[in-house]
Amino acid sequence: MNVEDLAHAAEEVAPTLLGAVLTHESPEGTVSITITETEAYSGSADPASHAYRGRTPRNAVMFGPAGHMYVYRSHGLHWCANIVTGTDGIASAVLIRAGRVIEGEDLARERRGSTVEGPRLARGPGNFCQALGITAEHNGADLLTGPTVTLSEGEPVPAELVRVGPRVGVSKAHDWQHRFYLAGDPTVSAYRLSPRAKPSARA
């Protein structure tokens, strides 16, 4: 995978990341996860985006260049990983919501808990990061050159398996059809409508 593959709007790139593989080589060992669920977030035109009100120290990585990782803390509890897309200078990123561990399952389970079932190891954005060992230190990491966290192409995903739906758990622009996932895959997270959600002008 190269920067040209990612140099498009988040909603265009998000479905193409299904089946791609994120790998983290850490001192504890290597974990690789195939991506099975994504969500697209744009910039100033997207009320649910961290970049909706412009550039800040927190969201600066979202503004490019494409191919870098934007990591943030959700609700003060979990790290969430995004792959920056689009044109340098314009905020655009794809949230990685879920995946299937294909290498380093023992290490992923050690991080997540010994009783966690296989399909749940990387289900949900916080669990994905925990299983992969992603934290704030990886914010801004170049996923195309490494050296520790890399994005690579996986097995091609048949188009008929790709599903599209509204984003999970956000209160603004929740009904935008910017969530992409693999039909019937047990690693995909459950859809939840935020109790604060209100209809938006665009879906």
Side-chain angles (χ1 to χ4, degrees), residues 1-3 5-6 13-41 58 61-62 66-85 93-157 161-162 168-169 179-192:
M1 187 163 287
N2 54 53
V3 68
D5 297 322
L6 304 173
V13 176
T16 71
L17 289 174
L18 298 176
V21 177
L22 272 173
T23 297
H24 180 202
E25 297 181 11
S26 70
E28 295 78 25
T30 299
V31 174
S32 294
I33 303 179
T34 295
I35 298 170
T36 59
E37 181 183 8
T38 62
E39 280 182 347
Y41 289 87
R58 180 198 189 199
V61 176
M62 277 190 74
H68 288 245
M69 178 176 278
Y70 167 48
V71 180
Y72 67 89
R73 181 83 91 170
S74 176
H75 304 296
L77 298 173
H78 308 292
W79 297 110
C80 295
N82 300 255
I83 297 172
V84 176
T85 68
V94 176
L95 172 66
I96 308 304
R97 285 203 52 86
R100 182 188 315 110
V101 179
I102 59 173
E103 181 182 359
E105 184 170 328
D106 289 344
L107 178 54
R109 181 167 277 107
E110 181 180 325
R111 290 168 172 165
R112 288 275 291 115
S114 60
T115 62
V116 178
E117 298 176 353
R120 299 179 60 87
L121 286 173
R123 180 192 293 169
N127 294 335
F128 187 101
C129 280
Q130 188 175 5
L132 198 58
I134 297 301
T135 65
E137 69 177 281
H138 301 105
N139 187 44
D142 188 337
L143 299 174
L144 303 179
T145 63
T148 60
V149 186
T150 55
L151 174 69
S152 59
E153 294 183 5
E155 295 295 325
V157 172
L161 292 183
V162 178
V168 178
R179 175 183 175 232
F180 305 86
Y181 58 96
L182 297 183
D185 195 298
T187 65
V188 172
S189 59
Y191 174 74
R192 299 187 313 277

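Every value quoted in this text rests on a predicted model; they were computed, and no experiment measured them. Basis for what follows: all heavy atoms, side chains included, without hydrogens, waters or symmetry-related copies.
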K.L.:
Has Glu103 got more than 12 heavy atoms of other residues, nucleotides or ligands less than 6.0 Å from its CD?
P.N.:
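Correct, the count exceeds 12.
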K.L.:
Looking only at heavy atoms, what is the nearest atom pair of Val157 and Leu18, with distance?
P.N.:
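Heavy-atom minimum between the residues: CG2-O, 3.3 Å.
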K.L.:
Is the backbone N or O of Gly140 less than 3.5 Å from a side-chain atom of His68, with the two atoms forming a donor-acceptor pair by type?
P.N.:
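Between the backbone of Gly140 and the side chain of His68 there is a qualifying donor-acceptor contact (under 3.5 Å).
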K.L.:
Rounded to the nearest 0.5 Å, how far apart are CH2 of Trp79 and CD1 of Ile134?
P.N.:
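Going from the CH2 atom of Trp79 to the CD1 atom of Ile134 covers 11.5 Å.
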K.L.:
Quick one: closest heavy-atom pair of Ser189 and Gly124, and the distance?
P.N.:
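Reported closest heavy-atom pair: CB-N, 4.2 Å.
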K.L.:
Carefully, step by step, assess Leu121 and Asn127 under the rule side-chain contact (heavy atoms from CB on, under 4.5 Å).
P.N.:
CA-CA 7 Å; Leu121 286 173; Asn127 294 335; over 6 Å; no
K.L.:
Taking Gln130 for its side chain and Arg111 for its backbone only, find out whether a donor-acceptor pair lies under 3.5 Å.
P.N.:
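Looks like yes, one N/O pair under 3.5 Å.
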K.L.:
Before giving the answer on side-chain contact (heavy atoms from CB on, under 4.5 Å), spell out for Asp5 and Val13 the whole-Å C-alpha distance, their side-chain angles and the decisive distance to 0.1 Å.
P.N.:
CA-CA 8 Å; Asp5 297 322; Val13 176; over 6 Å; no
K.L.:
How long is the gap from CG on Leu107 to CD on Glu28, to the nearest 0.5 Å?
P.N.:
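Here the interatomic distance stands at 6.5 Å.
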K.L.:
Are the side chain of Asn82 and the backbone of Ala93 linked by a donor-acceptor contact shorter than 3.5 Å?
P.N.:
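No.
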K.L.:
Say whether, by atom type as modelled, one donor and one acceptor occur between the side chain of Arg97 and the main chain of Arg179 under 3.5 angstrom.
P.N.:
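Checking the backbone N and O of Arg179 against the side chain of Arg97, no donor-acceptor pair under 3.5 Å is found.
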K.L.:
Taking Arg100 for its side chain and Pro119 for its backbone only, find out whether a donor-acceptor pair lies under 3.5 Å.
P.N.:
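Not confirmed, Arg100 side chain does not pair with Pro119 backbone.
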K.L.:
Where do Thr34 and Val21 come nearest, in terms of heavy atoms and distance?
P.N.:
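Result for this residue pair: OG1-CG2, 3.8 Å.
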K.L.:
Measure the CD1-OG1 distance between Ile102 and Thr23 for me, rounded to the nearest 0.5 Å.
P.N.:
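It comes to 6.5 Å.
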K.L.:
When you measure from the side chain of Thr38 to the backbone N and O of Ala14, does any donor-acceptor pair fall under 3.5 Å?
P.N.:
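It does hold such a pair.
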K.L.:
So Leu151 and Leu6, side-chain contact (heavy atoms from CB on, under 4.5 Å) or not? Walk me through it.
P.N.:
CA-CA 11 Å; Leu151 174 69; Leu6 304 173; 4.3 Å; yes
K.L.:
To the nearest 0.5 Å, tell me how far Leu22 CG sits from Phe128 CZ.
P.N.:
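Between Leu22 CG and Phe128 CZ, I get 5.0 Å after rounding to 0.5 Å.
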K.L.:
Roughly how far, to the nearest 0.5 Å, is CD of Glu39 from CG of Leu17?
P.N.:
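The distance works out to 13.0 Å.
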K.L.:
For Arg73, does the CZ atom sit with more than 12 other heavy atoms under 6.0 Å from it, leaving out its own atoms?
P.N.:
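More than 12 heavy atoms, drawn from other residues, nucleotides or ligands, come within 6.0 Å of this atom.
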K.L.:
Nearest heavy-atom pair of Leu95 and Pro125: which atoms, and what distance?
P.N.:
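Smallest interatomic distance, heavy atoms only, reads CD1-CB, 4.1 Å.
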K.L.:
How many angstroms lie between CD1 in Ile33 and OG1 in Thr187, if you round to the nearest 0.5 Å?
P.N.:
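Result: 10.0 Å between the selected atoms.
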K.L.:
If you count every heavy atom of other residues, nucleotides or ligands that lies below 6.0 Å from Arg112 atom CZ, does the total exceed 12?
P.N.:
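More than 12 within 6.0 Å, yes.
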K.L.:
Is there a donor-acceptor contact under 3.5 Å from the side chain of His24 to the main chain of Val149?
P.N.:
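No.
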K.L.:
Passes side-chain contact (heavy atoms from CB on, under 4.5 Å), Thr150 versus Leu144? Steps please.
P.N.:
CA-CA 6 Å; Thr150 55; Leu144 303 179; over 6 Å; no
K.L.:
Identify the two heavy atoms, one from Arg58 and one from Tyr70, that lie closest to each other, and give their separation to 0.1 Å.
P.N.:
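The answer is O-CE1, 3.3 Å.
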